[in-house]
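One structure is given below, encoded as structure tokens.
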Amino acid sequence: MPSGKKQHAPLAPSSGYSHAAKTAVQETTLRVKEMHRAIAGKSFDILRRIPLISGPTHLVRSAHDAILAGVYAGIHHTSGGVLEAAALIERHATRRRPDPPVPGRLASGLRSAVNGAFGDHLATSNNRLAIDMAFHENGVAVPLDADSLRRAFPDTGRRLCIFIHGLGCDEHSWDPGPEAAESTVHFGRRLRVEHGCSPLYLRYNSGLPIARNGAQLAVLLEELLAAWPQPASDLVIVGHSMGGLVALAACEQAAQAGMRWPQATRMLICLGSPHLGSPVERLGRLTTAALNVSTITAPLARIAGARSQGIKDLGNGPGAPADLLAHQHIAFRFLGASLAKNVEHPLGEFFGDGLVTLGSATAHAIAGDVQSTRLGQLGHMGLLNDARVYRQIAEWIAALDARATSEAG
């Protein structure tokens, strides 16, 4: 037997939506109770200052507080019991179906949205809903070994195009769907046909800190390139919104760790990535601070403060990676969009794509081969499928190929 230290078994994964719902309901109940107590406390404090009714006020307050405690305790324990029963059913159903069907686009999107909002909590609590970073094909995670990669991608090429989604999304966001407008394009399919790229789609927990996701991506890309069936392959990385920041963080951490994949990376494209931060998250911070001013609204501030670290990281933006000396051979491309038709108009800069300003999307402090462009009449999510965005990406990649041919000649 080993020494006298007690061995602890790994924490069993908690049930998915039932456990998350239980936490949400009980936390919300607690916040409502705090607001109720704060509002009632203000009223009782005023009445207590009136000489003739200060005594009765004290008795009424004692009764009120006792009833309040009982009512909210009942809600807390009843909801906890019901949702714990639901969790048991969920775990039982999971055990009975060891190979459940692949979730559809809607179910996958819901899980990704929950991860975007509370993904760090899901990961910390070992919840089954927490997403593990992986490349997905047809909704299934692909193991990073040569045989699995050949089966998942039978037409493997020498150029891999890595697509990285943004906050609260998954790989399905790159697919406009069968009923999409004619002005939309499936980037991966077109790049495969027109430029011989093998598209790979990353799915990750966007509620985790950007730096943590960057570290995971750096390791994953190193494993991918080592196992890819075609030797001497190169990479093009396309990141939307947070995805671009995760890719830049991966570059920085790969440089610090001396990894090999950055040397195979030819281009990194950021679509609407908030390099200087998102004004929406900054507004969220101001709102949270304003709610904290009053004891009555402070519980609402605690609810707002429960958003994931991934969201909070978007407030200021990480800026350019500190160490890009090892990546000067990479072509960096930044594309920003504006809801306004005229991107040069002051309102075009102010509104940006609805979530990220033009300046934040196109700003950089990177030396070397760097270009940026702006498109008008386009929203943040439109960057994922818009035909004009595709034409710009295709133009950048074509120029990359032309330069390589010229240097080889």
Side-chain angles (χ1 to χ4, degrees), residues 2 5-31 76-77 79-104 106-136 139-144 164-171 202-220 223 242-243 246 249-250 253 302-314:
K5 286 190 178 180
K6 185 177 180 181
Q7 300 295 316
H8 295 281
L11 183 64
S14 60
S15 293
Y17 292 102
S18 301
H19 181 81
K22 176 182 175 181
T23 301
V25 169
Q26 294 189 336
E27 286 297 314
T28 302
T29 301
L30 180 59
R31 301 289 88 80
H76 180 88
H77 292 300
S79 63
V82 170
L83 290 169
E84 188 60 39
L88 288 171
I89 295 171
E90 192 173 5
R91 284 194 293 269
H92 180 66
T94 303
R95 284 196 295 268
R96 290 183 62 185
R97 294 193 301 169
D99 297 313
V102 177
L106 180 60
S108 175
L110 175 61
R111 182 184 180 190
S112 296
V114 172
N115 272 258
F118 310 108
D120 48 354
H121 171 74
L122 295 176
T124 302
S125 61
N126 203 29
N127 192 291
R128 295 180 190 275
L129 289 179
I131 293 173
D132 294 324
M133 182 180 288
F135 294 105
H136 280 67
V140 178
V142 181
L144 295 185
I164 308 174
H165 62 75
L167 174 69
C169 296
D170 61 17
E171 73 280 4
L202 186 75
R203 184 189 297 183
Y204 66 100
N205 181 347
S206 57
L208 294 178
I210 290 174
R212 180 173 169 182
N213 275 323
Q216 291 181 10
L217 177 59
V219 173
L220 207 65
E223 295 174 355
M242 178 188 282
V246 171
Q253 299 195 48
R302 284 190 281 276
I303 293 175
R307 64 193 183 277
S308 71
Q309 186 58 47
I311 295 177
K312 294 176 182 177
D313 282 352
L314 295 176

(request) Would you mind reporting whether Phe135 and Leu220 have side-chain heavy atoms less than 4.5 Å apart? (result) yes
(message) Does anything in residues 202-219 form a salt bridge (Lys or Arg N to Asp or Glu O under 4.0 Å)? List the pairs, not counting sequence neighbours.
(response) Glu171-Arg203
(request) Taking Asp313 for its side chain and Ile210 for its backbone only, find out whether a donor-acceptor pair lies under 3.5 Å. (result) yes
(request) State, to 0.1 Å, how close Gly214 and Gln253 come at their nearest heavy-atom pair, and which atoms those are. (result) C-NE2, 4.0 Å
(message) Run the side chain to side chain donor-acceptor pair (under 3.5 Å) test against Asn205 and tell me which residues pass, sequence neighbours left out.
(response) Asn115
(message) I need the His136 NE2 to Asp170 CG distance, nearest 0.5 Å.
(response) 8.5 Å
(request) Applying ring-ring contact (aromatic ring centres under 6.0 Å, His included), name anything that partners Tyr204, two or more places apart in sequence or on another chain. (result) His165
(message) Under the rule for side-chain contact (heavy atoms from CB on, under 4.5 Å), what residues qualify as partners of Val219, not counting sequence neighbours?
(response) Glu223, Met259
(message) side chain to side chain contact (heavy atoms under 4.5 Å, CB included) for Met133 and Leu208? Distances and angles first, verdict last.
(response) CA-CA 11 Å; Met133 182 180 288; Leu208 294 178; over 6 Å; no
(message) Whether the side chain of Ser112 engages the backbone of Gly168 through a donor-acceptor N/O pair (distance < 3.5 Å, no angle test) should be reported.
(response) no
(request) Enter the distance from Thr124:OG1 to Gln309:CD here, rounded to the nearest 0.5 Å. (result) 11.0 Å
(message) As an exercise, state the distance from CD1 of Ile164 to OG of Ser206, rounded to the nearest 0.5 Å.
(response) 12.5 Å
